[in-house]
K.L.:
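Quick one: the structure is below, questions incoming.
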Amino acid sequence: MAQERFFLTTAISYPNGKPHLGHAYELIASDAIARFMRLDGKDVFFLTGTDEHGLKMVQTAEREGLPVRALADRNAQAFRDMGKALGASNDDFIRTTEERHYEASQAIWKKMEAAGDIYLSTHSGWYSVRDEAYFDESELTTGEGGQKFAPSGAPVEWSEVDSYFFRLSKYQDKLLDLYKAQPNFIGPDTRRNEVVSFVSSGLKDLSISRDTFTWGVPVPGNPKHVMYVWVDALTNYITACGYPDEGDPRWKYWPASVHIIGKDIVRFHAIIWPAMLMSAGLPIPQRVFGHGFLTNRGEKMSKSLGNVLDPVVMAEQYGVDQIRYFFLREVPFGQDGSYSHEAIVARINADLANDLGNLAQRSLSMVNKNCEAKVPAKGPLSPEDEAILASAYGLIAESRVAMGDFQIHAMLNAIWRVVADTNRYFAGQAPWALKKTDPARMETVLWTTAEVLRVVGILIQPVMPESGAKLLDLLAVPADTRAFAAADAAHQLVPGTSLPEPKGLFPRYIEPEAGQGA
RNA sequence: GGCAGUGUAGCUCAGCUGGUUAGAGCGCGGCACUCAUAAUGCUGAGGUCGGUGGUUCAAGUCCACUCACUGCUACCA
């Protein structure tokens, strides 16, 4: 039987600066989904990368006195390094300046052109040099002498430039059909509603080339023009699958299972991208999911506010798994979220150190001292034992449901509900008391607790790969039984197996000095 | 302006097709325990479920109106 494939992507990042927390968040979340699917037995292809063309890159390079390509190389590397620092498990890292991407972009362009969907015309509108943007008449204000101004206050002038256009308008009905046929194509629902309403209100053709700069993919047959962001950036997803070579070993991954993107670019992925694919006669992605933005104590991150945190520094300060856990547990995926030093520390100490870390420590240290450092004997199970085991074994199904909608936080909530129940169970059974009255029963309680920990260890791996592995090490779980398929009663811990000395799983976070807020 | 959504304990939020004393986590008070990373367990404090008016035997849960807030309303990636 063929292994189910799962292809997921992040958006490609624009590397005119260093990666920030927003990039990190998207990568962490996508990585957790990728790892989840791998552990669940799927053939996963996980892609991330950088979108390196366009005027902003040129301008940034000029400002820094670098050739554009050098800037792109340097910053692309910074994004790669961030991925490493965060434990990202992407299978490829695509850069739009790569040869393979030029090939793919020009190929899809030609397909769209052959379909009669590309034509040369004039792009006209009110342009603000300062904002580098066009504005609709309705957004403008008129000053003295008839001068018109953008919302930013910058003057605008009427501009007419040659540009190639994509017949997006032609796809309006087809897109609406798509949204109807695939109700979960766009998630979460609020984003879907917005897109549907946008498309319903009418689509205009799209300007897809520029002849005002050259840092881009040349338009086939007219090298005066380079492709504008839409065609260039979105195409990366099929470039990585080997397009236009449909014999490429990676082509089997297309169409993508999901594009994980920021809520601000949902429209491009849910409207322009499928329309392009329809035009080129290619399959449409299964889903597009827009995550929310992070704020620092409810305030937008900005350089001027000085509340921009470097994700790599955060990983060093709090721990990689710790911040992965924090963002994925604290923020319901799809909604905006807020973070603060206090909130991070609270999660680390309450959930990781106290609830899970201490549960492992209190039970495994008893095993170590009272069971000859071996998996305890499993005697007859009491109803309490059965109940806690059943809820642990039930987690995998719950997690699949949650992750089916990318509700990573819901999966973590479920896991921690079991962790809390297990602490209750442990306190209720009081194995330290049984030690004197009924040692056999004590062993069964300890076995049950360890078995729950095994399941938990397996399930936290997508979010906290290192810590999950550490926990499974403490339980001497073989490497080949750490996937989700083993999170059931058939693979339970074997009494008598030697265990290593228990070590702390999650240290408490202690403030280095008082008064240090982040 | 139009469209969509949100408003439930100090904070963050659950509450499916309306039905016993409205829930969880965190925070806060008290108690217990000692296996454990000063961890854990138990327990308490009570929020007019934004407001008003309806429908109903019964509404946080449906309807109308109203207030506040948020998102979208295309070429910045």
Side-chain angles (χ1 to χ4, degrees), chain A residues 11-17 51-57 123 125 127-128 131-136 138-139 152 163 165-166 168 188-210 228-230 232-233 262-268 271-272 290 292-293 298 329-332 335-338 342-343 346-370 409-410 413 416-417 420 422-435 442 445-446 449 502-510:
Chain A
I12 46 176
S13 306
Y14 201 67
N16 66 333
D51 166 28
E52 307 182 2
H53 292 307
L55 193 57
K56 280 238 162 67
M57 282 296 284
H123 181 55
Y127 185 74
S128 157
D131 296 320
E132 292 169 29
Y134 284 89
F135 293 94
D136 190 81
S138 63
E139 299 177 82
S152 64
S163 167
F165 281 80
F166 171 57
L168 186 60
D189 288 344
T190 51
R191 299 287 163 263
R192 179 178 186 281
N193 293 344
E194 287 170 8
V195 169
V196 170
S197 118
F198 182 86
V199 174
S200 302
S201 73
L203 292 177
K204 288 188 275 191
D205 289 350
L206 193 70
S207 166
I208 54 169
S209 78
R210 289 293 128 102
Y228 198 45
V229 53
W230 324 123
D232 183 344
K263 63 180 183 180
D264 55 334
I265 54 174
V266 166
R267 227 176 42 218
F268 307 136
I271 299 173
I272 300 174
F293 291 153
R329 172 78 195 268
E330 182 88 356
V331 183
Q335 293 177 219
D336 289 348
S338 148
E342 291 77 8
R347 283 289 179 196
I348 290 176
N349 287 344
D351 296 5
L352 299 182
N354 296 352
D355 288 350
L356 179 54
N358 185 57
L359 174 64
Q361 191 66 23
R362 69 195 301 206
S363 55
L364 294 179
S365 74
M366 280 199 76
V367 169
N368 188 258
K369 287 175 195 158
N370 305 301
H409 65 284
N413 282 338
W416 256 261
R417 192 196 64 236
T422 308
N423 267 315
R424 263 187 285 282
Y425 161 83
F426 200 81
Q429 299 300 312
W432 54 90
L434 293 169
K435 184 174 152 186
M442 173 198 75
V445 169
L446 292 176
T449 306
K503 281 176 299 194
L505 197 55
F506 299 104
R508 284 182 69 78
Y509 183 90
I510 310 290

K.L.:
May I have the distance from Lys263(A) (atom NZ) to C76(B) (atom P), rounded to whole angstrom?
P.N.:
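Distance check: Lys263(A) NZ to C76(B) P gives 20 Å.
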
K.L.:
State whether the distance check finds a donor on one side and an acceptor on the other, under 3.5 Å, for side chain Asn354(A) versus base A39(B).
P.N.:
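No such pair is found, so the answer is no.
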
K.L.:
State the pairing partner of C28(B); accept Watson-Crick or G-U wobble contacts with both distances under 3.5 Å, and report none otherwise.
P.N.:
G44(B)

K.L.:
Return the pairing partner of U52(B) with a 3.5 Å limit on both distances, Watson-Crick or G-U wobble; otherwise return none.
P.N.:
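U52(B) is paired with A64(B).
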
K.L.:
Phe426(A) or Phe165(A): which one's nearest nucleotide on RNA chain B is closer to the 5' end?
P.N.:
Phe426(A)

K.L.:
Are any side-chain N or O atoms of Asp51(A) and backbone N or O atoms of Ser13(A), one a donor and one an acceptor, separated by less than 3.5 Å?
P.N.:
no

K.L.:
If you look at every strand shown and take non-hydrogen atoms under 4.0 Å, does Leu203(A) touch a base, only sugar-phosphate, or nothing?
P.N.:
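Base contact.
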
K.L.:
G27(B) P sits how many Å from Asn349(A) CG, rounded?
P.N.:
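Spelled out: CG on Asn349(A) to P on G27(B) is 10 Å.
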
K.L.:
How is Gly292(A) classified with respect to the nucleic acid when contacts are heavy atoms under 4.0 Å: base, sugar-phosphate, or nothing?
P.N.:
nothing

K.L.:
In whole angstrom, give me the gap between the C1' atoms of U6(B) and G15(B).
P.N.:
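Rounded to whole Å, the distance is 15 Å.
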
K.L.:
Closer than 3.5 angstrom, by distance alone: can the side chain of Asn349(A) be matched with the main-chain N or O of Tyr509(A) as a donor-acceptor pair?
P.N.:
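Yes, the answer is positive, given that a donor and an acceptor are paired below the 3.5 Å cut-off.
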
K.L.:
Between Asn358(A) and Ala353(A), is there a donor-acceptor pair closer than 3.5 Å when you use the side chain of the first and the backbone of the second?
P.N.:
no

K.L.:
Looking at Leu203(A) and Val199(A), what are the two nearest heavy atoms and their distance?
P.N.:
CD1-CG1, 4.0 Å

K.L.:
Over all strands shown, is Trp416(A) touching base, sugar-phosphate only, or nothing at heavy-atom distances under 4.0 angstrom?
P.N.:
nothing

K.L.:
Using a heavy-atom cut-off of 4.0 Å across all strands, would you classify Gly357(A) as base, sugar-phosphate, or nothing?
P.N.:
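Touches a base.
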
K.L.:
In whole Å, I'd like the distance from the CZ atom of Phe198(A) to the C1' atom of A4(B).
P.N.:
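Answer to the nearest Å: 15 Å.
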
K.L.:
Just call it for Leu364(A): base, sugar-phosphate, or nothing, with non-hydrogen atoms closer than 4.0 Å on any strand.
P.N.:
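Since no nucleic acid heavy atom lies under 4.0 Å of Leu364(A), the category is nothing.
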
K.L.:
For a quick check of understanding: with a heavy-atom distance under 4.0 Å over all strands, which category does Arg424(A) fall into, base, sugar-phosphate or nothing?
P.N.:
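Sugar-phosphate: the residue Arg424(A), judged by heavy atoms under 4.0 Å, touches backbone atoms but no base.
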
K.L.:
Give a yes/no answer on whether the side chain of Asn423(A) brings an N or O atom under 4.0 Å of OP1 or OP2 in A39(B).
P.N.:
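Negative; the distance criterion is not met.
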
K.L.:
Quantified in whole Å, what is the C1' atom distance between nucleotide G51(B) and nucleotide U37(B)?
P.N.:
49 Å

K.L.:
Within the structure shown, what part of the strands sits under 4.0 Å from Asp51(A) by heavy-atom distance: base, sugar-phosphate, or nothing?
P.N.:
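Touches sugar-phosphate only.
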
K.L.:
OP1 or OP2 of A36(B) sitting under 4.0 Å from any side-chain N/O of Lys369(A)?
P.N.:
yes

K.L.:
Scan Asp205(A) against the nucleic acid and name what it touches under 4.0 Å (heavy atoms): base, sugar-phosphate only, or nothing.
P.N.:
base

K.L.:
Please give, in whole Å, the distance from A39(B) C1' to Ile348(A) CD1?
P.N.:
16 Å

K.L.:
From the set U37(B), A77(B), G71(B), return the single nucleotide nearest to any side-chain atom of Arg191(A).
P.N.:
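It is G71(B).
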
K.L.:
Looking only at side-chain atoms of Trp432(A), point me to the closest of U37(B), C33(B), A14(B).
P.N.:
C33(B)

K.L.:
Take atom P in U66(B) and the same atom in C28(B), then report the distance between them in whole Å.
P.N.:
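To the nearest whole Å, 44 Å.
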
K.L.:
Using the C1' atom in both, what is the distance from C3(B) to U21(B), to the nearest Å?
P.N.:
42 Å

K.L.:
Base, sugar-phosphate alone, or nothing: which one does Ala353(A) contact when heavy atoms must sit under 4.0 Å apart?
P.N.:
base

K.L.:
Suppose you measure atom P in U70(B) against the same atom in C62(B); what distance do you get, rounded to whole Å?
P.N.:
24 Å

K.L.:
Provide, to the nearest angstrom, the distance between the CG atom belonging to Asn368(A) and the P atom belonging to A36(B).
P.N.:
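Result: 11 Å.
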
K.L.:
Contact class for Ser207(A) (heavy atom, under 4.0 Å): base, sugar-phosphate, or nothing?
P.N.:
base

K.L.:
Describe the nucleic acid contact of Asp355(A) in one word from base, sugar-phosphate, nothing, applying a heavy-atom distance below 4.0 Å.
P.N.:
sugar-phosphate

K.L.:
Is a side-chain N or O of Trp230(A) found less than 3.5 angstrom from the main chain of Ile272(A), in a donor-acceptor match?
P.N.:
no

K.L.:
Rounded off to whole Å, could you give me the NE2-to-C1' distance for the His409(A) and A24(B) pair?
P.N.:
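Rounded to whole Å, this separation is 14 Å.
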
K.L.:
May I have the distance from Phe268(A) (atom CZ) to C76(B) (atom P), rounded to whole angstrom?
P.N.:
8 Å

K.L.:
When the P atoms of G25(B) and G44(B) are compared, how many Å lie between them, rounded to an integer?
P.N.:
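About 13 Å, rounded to a whole number of Å.
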
K.L.:
Can you check whether Met57(A)'s main-chain N or O pairs, donor with acceptor, with Tyr14(A)'s side chain at less than 3.5 Å?
P.N.:
yes

K.L.:
Between C11(B) and G27(B), how many Å separate the two C1' atoms, rounded to a whole number?
P.N.:
8 Å

K.L.:
In whole angstrom, give the distance that lies between atom CG of Asp264(A) and atom P of A74(B).
P.N.:
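Computing the Asp264(A):CG to A74(B):P distance gives 15 Å.
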
K.L.:
With rounding to whole Å, what would you report as the distance between U56(B) and A14(B) at their C1' atoms?
P.N.:
26 Å

K.L.:
Starting at the 5' end of RNA chain B and moving along, which residue's nearest nucleotide shows up first, Ser13(A) or Pro431(A)?
P.N.:
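Counting from the 5' end, the first nearest nucleotide belongs to Pro431(A).
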
